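See structure below.
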Amino acid sequence: MTAARTTKDLLSLEDIAGDLPALLARAERLKAERTRGRLGGTRPGTNVGLIFEKPSTRTRTSFEVAIHDLGGHSIYLSPRDLQLGRGETIADTARVLSRYCDALVYRAFRHADEVELARWATIPVINALDDREHPCQIVADLLTMHERWKGRFRGRRLGWIGDGDNVLHSLLLGAAAVGLDVVAATPEKYAPRPDIVAAAERLARASGAKISLTNDPHEAARGANALYTDVWVSMGEEAEQAAREAAFQGFQINAALLTEAAPDAFVLHDLPARRGQEITDEVLDGPRAAVWDQAENRLHAQKAILERYLRPGPRRGSPTRRGR
Ligand code: CP
């Protein structure tokens, strides 16, 4: 299925493709202000529900801290604690939570459930990862590259080494939107979805970015200005572990592969890492890893995203405004 395009929600990176320059500029400013001890406080009194069907270290914590910095309140809602876990529908959950909250952040197994929640919620729904995309991650990744390249994406090339997964999908869309070239190397069986590649190519035609796919990790690494990888086995894919570990042999960022990149290239990983599989200790703990800045940038990027979606004004869930 293709992602539903709405202005209310952030379900796909495509929903904010045109806003990325402004979001990155705002995130950089929020980061600088936080370093000086100013937390923002621009959305006082807002309430944000966090529905997480899967575990999370970075996304949950950075959203909770971001909401607190903005003067709001976060409510962590595990499906085990909600009636969702006992069969209440997503539609009914969406309609009720819309009466209390100003936005919902949703980490789902299925993109279809993300779309369903957004369809029935009268408040914004922000995708905190599903089986199709991870858009908030990619805003932080672009922020990390933006900082290191002093705001210039054009003429830079990112090499992806790994799975054609949700992270790569959002990355292709985000890179294409900002004019960053990508060479993505995946095993043949784990290529990105053709409809997302087609959407990225449409964005790339407008920005001038070049997007290319290969099955050769060396082609992605050669001359790249940054390398990026992700785990071989994502949450929910544990049954495929043996097959995936076999298919991904050679798709590892290690010191030898890094020598093929540009001399000043840095390394990204969205984390958590499986050390010794997709990335070695030597690279992850080495001076060319940008991963800790990248993880920190989840906070600043998501503050900018929340400001965009948590607009001040009348309560969004009010039935007098939305009629449901
Ligand atoms: N990168 C990322 O989404 O990390 P978490 O699963 O810890 O949130």
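We use all heavy atoms of the structure for the numbers below, so side chains are in, but hydrogens, waters and symmetry mates are not. In this text, all values refer to a predicted model and were calculated from it rather than measured experimentally. Counting starts at 1 for both ligands and their atoms, following the listed order. All residue numbers refer to positions in the sequence shown, counting from 1.
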Q: Could you tell me how the ring of Phe52 sits relative to the ring of Tyr76: parallel (under 30°), tilted (30 to 60°) or perpendicular (over 60°)?
A: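 Tilted.
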
(Q) Leu129 versus ligand 1: do any nitrogen or oxygen atoms come within less than 3.5 Å of each other? (A)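 No.
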
(Q) Does any N or O of ligand 1 fall below 3.5 Å from an N or O anywhere on Arg58, backbone included? (A)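 Yes, Arg58 has an N/O under 3.5 Å of an N/O on ligand 1.
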
Q) Just going by heavy-atom distances, which of Asn166, Thr57, Thr61, Thr59 is nearest to atom 7 (O) of ligand 1? A)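 Minimum heavy-atom distance to atom 7 (O) of ligand 1 goes to Thr57.
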
Q | Residue pair Leu129 / Gln137, side-chain heavy-atom distance below 4.5 Å | A |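 No, too far: nothing below the 4.5 Å cut-off.
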
Are [X] and [Y], when compared by the centres of their aromatic rings, separated by less than 6.0 Å?
X	Y	value
Phe266	Trp149	yes
His269	Tyr228	no
Phe248	Tyr190	yes

Q) For Arg244, which of Asp230, Asp165, Asp163 qualifies under salt bridge (charged side-chain N to carboxylate O under 4.0 Å, His left out)? A)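 Output: one option passes, namely Asp163.
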
Q. Under a 4.0 Å heavy-atom limit, does His134 contact ligand 1 with its side chain, its backbone, both, or neither?
A.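 Answer for His134: side chain.
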
Q) Where on Arg107 is there a heavy atom closer than 4.0 Å to ligand 1, on the side chain, on the backbone, on both, or on neither? A)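 Near ligand 1, Arg107 shows its side chain, while the N, CA, C and O stay back.
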
(Q) Show the atoms of ligand 1 that are less than 4.0 angstrom away from any heavy atom in Leu271. (A)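 Contacts of ligand 1 toward Leu271, numbered from 1: 1 (N), 2 (C), 4 (O).
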
(Q) Need the ligand 1 atom indices (1-based, order shown) with element for anything under 4.0 Å from a heavy-atom of Arg298. (A)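 This gives 1 (N), 2 (C), 3 (O) as the contact atoms.
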
